[in-house]
Structures are given as structure tokens and as C-alpha cells.
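Contents: one structure, followed by commentary.
In the text below, chain A, chain B and the rest are named by the order of the sequence lines, each starting its count at 1.
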Amino acid sequence: MSETIFKATNITKIYGENKALDKVSIEIKRGMIYGLIGKNGAGKSTFMRTVMGLIKVNEGDIELFGKTDKKGLQLARRKMGQSIETPALYPELTAQENLKVQAANGGVSEREIDDLLRLMNLENTGKKKAKNFSLGMRQRLAIASTLITNPEFLILDEPTNGLDPSGIVNMREIIQRLVTERGITVLLSSHLLDELSQVATHYGILHDGKLISELSKEELASKTRQYIELETMDVQSAVIVLDELGIRDYEVISGTGINIYEHLDDVAKINRSLVLANVDILRIGTTRQKLEEYFLQLTGGTPNA
Amino acid sequence: MLNLLTAEKFKLHRSKKLWIVLGILLLLPIMQAVNSILEVDNGKELVQVKDTVINGATGILMMEKNGFTILLVFSAFISFFIGEEFQNGTIRNALSLGRGRTLYYLSKLVITALISFIGVIILTASGIILFSLVFGFGEVAEINDYFGYAIKTFSTLYLLILANVSIYVMISFLTKNSSISLIWSFLYTMATAFLPEIFLQTEHFKYVTFWFTETYLNYSDFANLADIAKYPEMILVSLITIVLSSTLGILHFNRTDIK
């Protein structure tokens, strides 16, 4: 059983009359890449801020590296790194100077600065000030800045926000390298499930401040897998035919609809068997529920969420 | 604390605003010395009570002569220095590493106090040097032990300035925004500079004005023996202001949410 790095129990944060977080409980074990998904304003950044101790919670408990008391949490946070929302950098300083500031903040040596700049492809930025960096470069520098203290647990809030497609791929590769090469546990957020699905091992879906679902990569794959969609006026007879064909993994989803999750290559055979059994078919074909559709189904949102 | 101060050193090294502040404080005595030369050339006689600095010896009073300007310059610098940490989000970098908020606040206070000290040293030293070169070192009337007087006067004036610096730091941490901090610091400086003139006319409120350090800075003559006798009172009010404003600032900062 992996060590629990972080555990939040019933975290509640209230702003005025609005519950930004409503009894959110999440447990993250060592080695996980935990993806927090939610629409804008769902509470992702607020949750991350509570983890970092930047905002006070109204209710609930936080455990970091087994510590729950104030002093223990303060010390545990020295094993963490964060980049929440916009990259927090000193615009007038160079990449190297920004890292020097963070090394001083963390009370660690500056020895790793050159390695980190290389890791983030920023070694040739020289005397260029951070304010003249592209968004992708600033995102990478912000991550380098979080790594200077050798964190075991990294919190990245929408790290691909505003990046172009190549920047997104690059950022994804960096996160994966951090996990495989440095063994870092990661909590990252996005409002795009498709995007997170490429890196995360576990998912938590936040909606209106509530954690409405938690699932592993495998569970998500199963929920969004390919299937045969069958639409018929005679579901009862269709089910008999499917049973005769030896198909067990199917689901009657409505009075006219059946989803079949196996024998995906046998659409023609299933179709023929149904016709021979005098079952009227309105529609049959393979389909895949997209991740975003699954997300919208859970949150009851609109496609542009 | 030492780690946070080291981080501040890196930030300030490249800070244009810091160099502008120090540049202004170096430029002020030069302009005032030149201005005094022109006035004397035009037949005007420099009078200590009115002109404050008339020779090298009275150069120790450069803080008194430029009190209002110094405060405005420092209030602007501090508003940006602290406000931008909130606006750029860089404050998260230190706090999320488990650094205590009280220590963070104190490190900012120490750094601004240090910069103010360097600033007023530059201002006073260049004032003494330039006015000595132009009008000779001379003396301060009725002062026998000049060295002792200079130390006491410089320390008292610096403490009065520091008390205001402490208020500006508190305002910056309360507002968490450089522009808003700039406005409130400016309003505070203006109010405590000019309102005492009104309140000093009334019997009931004139004592209240002496709970604000700027009243001493603007309405005292630090070469006058009667006002020199009030140094302990000025020091006490300054220390009370520093302790109260810092306590209030720290208490609020410890409870505030960082965006």
C-alpha cells in the first residue's frame, strides 16, 4: 500500500453566502498524478490554495505527509511546490535570478539552477527578463521555480492554460518526466478532461464546490469506452437475441436503447441475427462516448464549459 | 528570516524603483545646495529657522527639511515593493514553502527600514558634504556637543520617518494592491502633514496631533532647544506607532486569504 501524501477531509470554504468548497475529501498517494477537473469557478484553485495554506478553511482537516498540526503542516509544505493560476515570477529578473530568489526562499542551494533550466529548455535565455518570455516559457520557468526545493509533491493549477498545441504537448512531457525521473507526486487541475486524461492516473471531478466523482484511469477508460449503440422498438426481443449470441456485457439504457460493450467487430453479425429474429432496428453502429461528453453528463453542463 | 532577507536582496538588486528612490535622495541635496547658492547670490540671507539647512553642521537636518518629500517617495516605493508581490502572485512562492506569515511581514519591514536608513544616510551625508563645500561647516546655534546632538537628532528623525514607513508597510499588507496602497499612503501622508495645522489651533485636539509622528517632523525645529527637549517624546510616539502598526498589520495578514 502506497504512502498517503495528502488527505483532505470535508474541506469547506465559504465566501459570503457562496460555498466555494463543500465538504471536499480527497486522498492522494505517493506516485499518483491526480487530476482535478472542473469548469471555471468549480473550486479547483480554491482547493489548491487550501492545500498550500494560502487560504483558511471554514471546516475540515488537511493532512500532509502524515502531519495535521499547524507546525507540522508548515514543515510539510517545505516538501511541496506549487504553481497556482498564473506563473508567479518576478518580471524584472532573468530566469536564473528568479530561481535564485526561490532557492533563497526555500533555504536551499543554488547548485541545481543550471540543471533545472536545461530540464525546462530555458538554458539559453541568458539575460532576457521574465517579462519578455512567452507564456510557455513563463509556465516552464514557474515549474522550474517550484522544483528548486526538490519537492516530493507538486501542485500545478492549469499548467497548459493559454499554451499552443506544441506547448501543451511539451508541458505534458515535462510533467510525465518529473513523475518518472524524480518520483514526484502531482496534483494538477484543468477544465479539459481530454487534456488531463493524457497524463493523470486518478481523477476527481469538482462541480460547484463539490467533489461529485472520483475515479482511476482504468475506471475512466471503462466509462468512456467504445460500444455498439443499438436502437430498437423491441428491446425485449433484442435482449433475447443478444443472450443467444453469447453477449453478456450490455446495458439497456432506455425503452428503445441498448449499449453493447463487447463483440465490437461483429456489428454486421448482430444486425443480421436481430433481423432474422424479426426485431425492428432503428439504428445500429459503434460509437465512443467522448471524455468531454462524460464530463458534461456528470456536471450537467454545456459543451463550452 | 535570513532566507527571506537573502531572497529580498536578489529582488532589490535589479529593482529600478530602488535606484530611482536612492537617486532622488541624492539629487535633492544637490538641487537644494544649488538653490541656496542662487538665493545667496541674489542677496538673500539664509536663516536656520526658515531654511533649516544653512551650512554643513545643519546638514544633519536634511530629513527635517525634506520630510514630506521623503515620505512621499518612500510611500510610493513601499506600495510597489509589497503590492506587486500580491499582484504578481510571487508572495505565494514564499508562503507556500511553509514560511510563517509573521516572518514574511517582518522581513518586508526590516528591508524597508534598511532601505529607508540607506536613503536618509545618503540624503544627510550628501547634504552635510555639499553645504559644507558651499557655505562651510559652521555650527548649530546653542549646541556645544555637536557630535552628540547630531547622533541624537539623526536617530530621532530616522525613527519618525521609520514610524511612517511602518504605517506604509501596514497599508500595503492591508490593501494587497500597489495602486490602492499608493492612494491610501498618499492620503495618510497628506492628512497627517496638513491637518495638524488646523487641529493645533484648537485647545481640545492639539494634543491628539502629537500622536502622529509627521506632526513632529513638520511642525518642530530640530535646532531649537525646546524641541530638542521633546526627543524622548518623539521616540516614544515613534516606537508606539511602529509596534501598533506592525501588530495590526501582522494580525490582519495572518488572517487574510492569499489569491
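Counting non-hydrogen atoms of neighbouring residues, nucleotides and ligands closer than 6.0 angstrom, the CZ atom of B:F186 reaches no more than 12 such neighbours. Within 6.0 Å of CG on B:L38 lie more than 12 heavy atoms contributed by other residues, nucleotides or ligands.
Residue contact with chain B, scored on non-hydrogen atoms closer than 4.5 Å, is absent for A:K79. Residue B:S107 does not touch chain A at all, counting heavy-atom pairs closer than 4.5 Å. With a 4.5 angstrom heavy-atom cutoff, A:K70 does not touch chain B via any of its atoms.
For chain B, the option among A:K129, A:Q74, A:M80 with the highest count of heavy-atom pairs below 4.5 Å is A:Q74. Your options are A:G53, A:A103, A:A104, and the one with the most heavy-atom pairs under 4.5 Å with chain B is A:A104. When each of A:T149, A:I55, A:L73 is scored by its heavy-atom pairs under 4.5 Å with chain B, the top score falls to A:I55.
Among residues 14-23 of chain A, the residues having any heavy atom closer than 4.5 Å to a heavy atom of chain B are, in sequence order, A:Y15. Listed in order of number, the residues of residues 4-24 of chain B that approach chain A to under 4.5 Å between heavy atoms are B:L4, B:T6, B:A7, B:F10, B:K11, B:R14, B:K16. Using non-hydrogen atoms only and a strict 4.5 Å limit, the part of residues 84-97 of chain A facing chain B consists of A:I84, A:T86, A:P87, A:A88, A:L89, A:Y90, A:P91, A:E92, A:L93, A:T94, A:E97. Residues of residues 71-90 of chain B having a heavy atom under 4.5 Å from any heavy atom of chain A, listed by number: B:E85, B:N88, B:G89, B:T90.
Across B:L95, B:D257, B:I91, a single residue satisfies side chain to side chain contact (heavy atoms under 4.5 Å, CB included) together with A:L54, and that is B:L95.
Here the side chains of A:M52 and B:I258 are not in contact, with every heavy-atom distance at 4.5 Å or above.
Separating the CZ atom in A:R78 from the CZ atom in B:R99 is a distance of 4.0 Å, to the nearest 0.5 Å. Taking CG of B:N93 as the start and CD of A:Q82 as the end, the distance is 5.5 Å to the nearest 0.5 Å. Going from atom CZ of B:R92 over to atom CD1 of A:I155 covers 12.0 Å, rounded to the nearest 0.5 Å.
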